[in-house]
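To start, the structure itself, in structure tokens.
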Amino acid sequence: MDFDAFRAAMIARIPTGRLLQPEEIAPIAVYLASSESDGMTGQTIPISGGMRMG
């Protein structure tokens with residue numbers, strides 16, 4: 001399978017129908033690096049466009 005076919009197959013599995021953009025992921029990283037997330041422990045934050053739901 002070539003890269004374009006693989007990419008299309010992966011995107012087809014994502015409920016939002018697209019890959020997330022860096023500007024959508026960056027705020028989550030900034031939050032986790034900030035003191036606002038100090039109360040979080042042992043959490044998983046899936047950033048998958050809904051691919052890992054359920």
Side-chain angles (χ1 to χ4, degrees):
M1 177 182 292
D2 68 9
F3 175 76
D4 291 331
F6 175 76
R7 180 182 168 103
M10 291 305 296
I11 290 173
R13 296 180 61 201
I14 301 172
T16 59
R18 63 185 180 80
L19 297 174
L20 294 176
Q21 298 300 306
E23 57 270 13
E24 295 174 284
I25 298 169
I28 299 166
V30 170
Y31 169 74
L32 291 172
S34 76
S35 61
E36 292 182 27
S37 68
D38 286 350
M40 292 181 67
T41 59
Q43 300 300 312
T44 301
I45 302 174
I47 307 171
S48 64
M51 188 172 170
R52 297 194 171 228
M53 293 182 347

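This is a predicted model, so every value here is computed, not measured.
The structure places CG of L19 at 8.5 Å from CE of M10, a figure rounded to the nearest 0.5 Å.
Under the 4.5 angstrom side-chain criterion for Ile, Leu, Val, Met, Phe, Trp and Tyr, the cluster partners of I47 are L20, I25, I28, Y31, L32, M40, I45.
For the side-chain contact (heavy atoms from CB on, under 4.5 Å) test, residues two or more places apart in sequence or in another chain that qualify with A5 are M1, D2. Considering only residues two or more places apart in sequence or on other chains, D38 meets the side-chain contact (heavy atoms from CB on, under 4.5 Å) condition with S35.
Each salt bridge (charged side-chain N to carboxylate O under 4.0 Å, His left out) pair with one or both residues in residues 17-28, not counting sequence neighbours, appears once here: R18-E24. The salt bridge (charged side-chain N to carboxylate O under 4.0 Å, His left out) pairs that include a residue from residues 25-37 number zero, where partners must be two or more places apart or lie in different chains.
Taking every heavy atom of both residues into account, P15 and G49 meet most closely at CD-O, 3.5 Å.
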